[in-house]
Every structure is written in structure tokens, then in C-alpha cells.
Amino acid sequence: MLPVLVVHGGAGTIPKDRVEMSCAGVRAAARAGYAVLQRGRSMDAVVEAVTHMENNPAFNAGCGSVLNVKGEVEMDAIVMDGKTLASGAVSAVRNIANPAQLARLVMDKTSHLCLTAEGANQFARAMGVPEVPGESLITDYARMRWQLNLAPGANPVECQMGKMGTVGAVAVDADGNVACATSTGGILNKMEGRVGDTACIGCGGYADNRAGAVSPTGHGEAIMKVTLARLILFHMEQGLSSAEGSDLGLATMKERVGGALGGVVTVDPQGGWAARFTTNQMVWAAAQGDTLHYGLRPDEVLTQSLAPE
Ligand code: ASP
């Protein structure tokens with residue numbers, strides 16, 4: 001069994017001028033997470049990879065998050081450990097640079113699974129997690145999109161469904177332990193207080209050593225209706241491969257709730273992996289052995305050596 005780490009930087013169509021930064025961003029995050037995976041645990045590796053992407057303004061997570069209807073950043077994040085089924089999440093949290101790390105603290109330091117809004121911020125303060133000015137998480141690009149979508153005549157469906165940009169990672173380590181982490185600013189111009197799939201166990205992430213681990217991206221409300229991460233693992237429990245289970249879960253989401261915007265990265269405990277999506281694009285990268293695989297369009301798989309760039 002070869003340890004593997006797979007990341008995504010969101011499903012949806014990426015504007016041409018942002019393709020290169022998104023592709024470079026997932027490759028760098030996969031390398032960073034894989035360096036941790038080679039020394040240790042899948043949980044540490046997925047949090048490292050997601051932290052990397054939260055710190056990269058190319059993505060809709062941490063700095064670079066999309067804005068809610070009031071022009072503010074509210075973020076959701078989740079982590080899950082496949083060995084113990086321990087999980088932690090935060091929803092609608094503000095002023096935190098790395099929500100996935102805060103979700104991990106919820107898992108490690110509380111008896112709860114999810115803390116929300118001001119309660120999550122109070123917990124962050126108690127844990128000594130520094131708060132950052134809301135403005136420091138807002139990019140010019142995010143503000144421009146928010147304003148465009150407030151304009152009279154803007155099509156809110158189109159604007160919410162364009163580029164998603166959530167980030168996520170799944171991994172299996174040398175001991176066969178799987179883990180997942182997902183982090184997002186949610187969907188563009190969402191209502192204040194909206195909680196998406198990313199904070200909800202079984203929807204925006206699930207990990208179980210008996211089946212595998214999944215981190216989804218896409219239209220959160222559709223993902224939640226079919227509990228996408230758990231649905232895919234159910235299919236894998238029935239004998240499907242990570243790619244087959246992912247495709248079937250995404251197809252079910254399309255068919256049952258019209259959720260045509262979805263993507264996932266998936267691993268199984270044997271080191272099998274998949275990056276699948278129903279959108280035109282999903283930027284992803286997978287590190288295994290001495291090879292980095294990556295892609296953007298359906299069925300595109302490029303490779304490079306994992307030797308330092
Ligand atoms: N799933 C996220 C949400 O609905 C959006 C995304 O994947 O980019 O909050």
C-alpha cells in the first residue's frame with residue numbers, strides 16, 4: 001500500500017487568468033501535505049495541505065473567501081479522522097485565518113462536533129488562536145465579484161454557481177489511517193448565517209478506515225441533500241472503487257436534486273484514489289510514490305516528479 005494525499009481547489013469554471021495560480025496552488029499544497037504524510041499521520045497531512053490553500057488568495061477559503069450578501073467573510077471547515085471517527089467542524093466563523101486548524105481543535109479539545117459563529121470565535125480565543133481583521137481575508141477579486149452580483153440584473157444563480165473554489169484534502173498514511181479536511185468561504189453572496197455542506201459531517205467530508213475518505217466541493221445545498229461524502233463511501237463499502245463510487249455519488253446528486261455542480265477527491269485505505277467532478281473544471285493534485293498527478297479538465301491527468309520544483 002502506497003500512502004497518498006489528494007487535494008482539490010474547488011469545482012466550477014475558473015476564469016482563464018486565474019487558471020495558472022489555481023493549478024500552481026494545488027500542486028504546492030499537495031507537495032506540502034505529502035511532505036508531512038511521509039513523516040507521519042494522514043490527519044496532520046490533510047490539515048497542512050488545506051492550511052496551505054487557505055493561505056493562498058487564489059482559493060475560496062481563508063484569505064480569498066467569497067463574501068456574504070453583506071460583504072463579509074463567514075467560513076465553514078471540517079476535519080475527520082478515519083481511525084476513530086473523531087471529527088471537528090466550525091461554521092459561519094469570522095476573523096480566523098485557518099478555519100481547518102480551528103476545526104481540528106474542536107475535534108481534539110471539545111466533546112462537540114461543530115461550533116458555530118460567535119461560539120466558534122469564543123472557542124478560538126480560549127484556545128489562543130489569533131483573530132485577524134476581517135478585511136485581511138478579503139481580496140479585491142472577492143469584493144469585485146460581490147459587487148457584480150449585487151448589481152441590478154445580476155443573475156444570483158449564475159453568480160453562485162460560477163467558480164466554487166472551496167479547498168479540501170484526503171489522505172491515507174503508511175498505517176492505513178485515512179483522514180479528510182475541507183474549508184470554504186461558502187457560496188457567493190450567501191445569506192448571513194448560511195451554513196453549507198463543508199461544516200456538516202457526511203456532507204462536506206467523511207473519513208472511515210473501513211471505507212476511505214472523501215472531501216467534496218460544489219453546490220452545498222445539493223451536497224447536503226444527498227450527504228455526498230457518506231454516500232460515496234457507502235458505494236465503496238459495496239465494492240466500488242474510489243472512482244466508481246465518486247462518479248455514482250455525483251450522478252445521484254445530479255439525478256435526485258439537480259445538483260450538477262459537484263466534485264470530490266477520494267481515497268481508499270489501500271491507497272487507491274480518485275479526483276472526479278461533474279463541472280467543466282476542478283483543479284486537483286495527488287501525490288503518491290515519487291509522482292505528482294494533477295489536472296483541471298475531465299479526464300486530464302498530467303504528471304511531474306515529486307523531486308523539489
Ligand atoms: N460546497 C461549498 C459550499 O456550498 C462551495 C464550494 O464547494 O466551493 O459552501
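Each ligand, and each atom within it, is numbered from 1 in the order the structure gives. Positions are given from 1, in the same order as the sequence printed here.
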message = Please state which option from Met224, Arg194, His219, His8 has its nearest heavy atom closest to atom 4 (O) of ligand 1.
response =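 Selected option, by shortest heavy-atom distance: Arg194.
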Basic-acidic side-chain contact under 4.0 Å: Arg41, Asp173 =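 Not counted as a salt bridge, because no side-chain N and carboxylate O are separated by less than 4.0 Å.
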query = Can we say Glu255 and Lys225 salt-bridge, meaning some charged N sits less than 4.0 Å from an Asp/Glu carboxylate O?
reply =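 Judged by the 4.0 Å cut-off on N to carboxylate O distance, Glu255 and Lys225 do not form a salt bridge.
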Find all atoms of ligand 1 within a distance of less than 4.0 Å from any non-hydrogen atom belonging to [X], and give their numbers and elements.
X: Gly218; answer: 1 (N), 2 (C), 3 (C), 4 (O), 5 (C), 6 (C), 7 (O)
X: Gly165; answer: 8 (O)
X: Gly186; answer: 5 (C), 9 (O)
X: Thr166; answer: 2 (C), 5 (C), 6 (C), 7 (O), 8 (O)
X: Thr217; answer: 6 (C), 7 (O), 8 (O)

message = Against Arg94, only a single residue in Glu131, Glu118, Glu192 fulfils salt bridge (charged side-chain N to carboxylate O under 4.0 Å, His left out); can you say which?
response =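 So the option named by the test is Glu192.
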Geometric N/O contact Glu221 with ligand 1, under 3.5 angstrom =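 No: no nitrogen or oxygen of Glu221 is under 3.5 Å from one in ligand 1.
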ask   = Is the closest heavy atom of Gly10 to ligand 1 under 4.0 Å?
value =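 Distance cut 4.0 Å: Gly10 fails for ligand 1.
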query = Could you give the distance from CD (Glu300) to OH (Tyr294), rounded to the nearest 0.5 Å?
reply =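 Reported to 0.5 Å precision, the distance equals 8.5 Å.
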key: Sub-4.5 Å side-chain heavy-atom contact between Leu250 and Val264   =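 Counting from C-beta outward, Leu250 and Val264 do come under 4.5 Å.
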inquiry  = Would a single hydrophobic cluster contain both Phe277 and Met253, if residues Ile, Leu, Val, Met, Phe, Trp and Tyr are joined by side-chain heavy-atom contacts under 4.5 Å?
reply    =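 Per the 4.5 Å side-chain linkage, Met253 and Phe277 are not co-clustered.
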message = Counting only heavy atoms from other residues, nucleotides and ligands, does the tally under 6.0 Å from CE of Met127 exceed 12?
response =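 Yes, CE of Met127 has more than 12 neighbouring heavy atoms, counting only those of other groups under 6.0 Å.
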message = Residue-level breakdown please: for Asp197 versus ligand 1, do any non-hydrogen atoms fall below 4.0 Å on the side chain, on the backbone, on both, or on neither?
response =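 For Asp197, only side-chain atoms sit under 4.0 Å from ligand 1.
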